[in-house]
Chemist: 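Provided herewith is a single structure, encoded as structure tokens, for subsequent inquiry.
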Amino acid sequence: MKLVIAIVQREDTNKLQHAFIENNIRATKLSTTGGFLSQGNTTFLIGTPDDEVNEVLDVIKKQSKAREELVQPNLIPTGMELNPSVKVTVGGATCFVVNVDEFKRF
Ligand code: 2BA
């Protein structure tokens, strides 16, 4: 079994959540904040059999768009040498696939 950890932009959250339900994929939604932009994003935890990981990743890929964000001067951590008006491309989705040692439901 694997755990897919998927960080997506807030704008993509609802349609991805619906796509999980339509595709019978179980997921837990967490409200999270990006460490760099300090903007709200969403982290989904998806426990899935090994042979269904690619299907899960395909669903996430289909529903996640890359967007450009302007980094605000007051959000840049001190000491970082960045142009205050720099544009960054966020997403589509940042995904980690990790092995699950045990899965139990009581
Ligand atoms: P944030 O940390 O708010 O980052 C938003 C975007 O800012 C990133 O998009 C990237 O384009 C840029 N960025 C982040 N750190 C940077 C840095 N030190 N210098 C220059 N640009 C930087 P994504 O890479 O698509 O990441 C979107 C969100 O996914 C991140 O939001 C964070 O919440 C999460 N994430 C990305 N990589 C991660 C990682 N290795 N571990 C944990 N979370 C990660």
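Being a predicted model, the structure only gives us computed values, none of them experimental. Just so you know, ligand 1 is whichever comes first in the structure, and atom 1 is the first atom listed for that ligand.
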Chemist: Should you measure from each heavy atom of Val88, which atoms of ligand 1 turn up under 4.0 Å away?
Modeler: 7 (O), 11 (O)
Chemist: Checking the N or O distance criterion of under 3.5 Å, is ligand 1 in contact with Ile7?
Modeler: no
Chemist: A quick test of your reading: do over 12 heavy atoms of other residues, nucleotides or ligands sit less than 6.0 Å from NZ of Lys61?
Modeler: no
Chemist: Under 3.5 Å, is there a donor-acceptor pair between the side chain of Gln9 and the main chain of Val90?
Modeler: yes
Chemist: In ligand 1, which numbered atoms sit nearer than 4.0 Å to a non-hydrogen atom of Gly34?
Modeler: 1 (P), 2 (O), 3 (O), 31 (O), 33 (O)
Chemist: Short list, please: which atoms of ligand 1 are under 4.0 Å from a heavy atom of Thr89?
Modeler: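 Answer, ordered by atom number: 9 (O), 11 (O).
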Chemist: For ligand 1, which part of Thr94 has a heavy atom less than 4.0 Å away: the side chain, the backbone, both, or neither?
Modeler: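 It is the side chain that touches ligand 1; the backbone stays farther off.
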Chemist: Could you give the side-chain donor-acceptor pairs of residues 23-32 under 3.5 Å, partners two or more places apart or in another chain?
Modeler:
residue	atom	partner	partner atom	Å
Asn23	ND2	Ala19	O	2.7
Lys29	NZ	Gln17	OE1	3.4
Thr32	OG1	Asn41	O	3.2
Thr32	OG1	Asn41	OD1	2.7
Thr32	OG1	Thr43	N	3.4
Thr32	OG1	Thr43	OG1	2.9

Chemist: Can you find a heavy atom in the side chain of Gln63 that is under 4.5 Å from one in the side chain of Asp12?
Modeler: no
Chemist: Is any N or O atom of Gly91, backbone or side chain, closer than 3.5 Å to an N or O atom of ligand 1?
Modeler: yes
Chemist: Find all atoms of ligand 1 within a distance of less than 4.0 Å from any non-hydrogen atom belonging to Gly35, and give their numbers and elements.
Modeler: 1 (P), 2 (O), 3 (O)
Chemist: Any salt bridge between Arg67 and Glu69, counting N to O under 4.0 Å?
Modeler: no
Chemist: Answer with side chain, backbone, both or neither: which part of Asn41 has a heavy atom less than 4.0 angstrom from an atom of ligand 1?
Modeler: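 Side chain only.
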Chemist: With rounding to the nearest 0.5 Å, note down the distance linking OG in Ser64 to CD1 in Ile7.
Modeler: 11.5 Å
Chemist: Which option out of Leu37, Val8, Ile5 puts a heavy atom nearest to atom 3 (O) of ligand 1?
Modeler: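 Going through Leu37, Val8, Ile5 one by one, Leu37 has the nearest heavy atom to atom 3 (O) of ligand 1.
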Chemist: Using the test side chain to side chain contact (heavy atoms under 4.5 Å, CB included), find all partners of Lys62 that sit at least two apart in sequence or belong to another chain.
Modeler: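 For Lys62, no residue satisfies side chain to side chain contact (heavy atoms under 4.5 Å, CB included) once neighbours in sequence are set aside.
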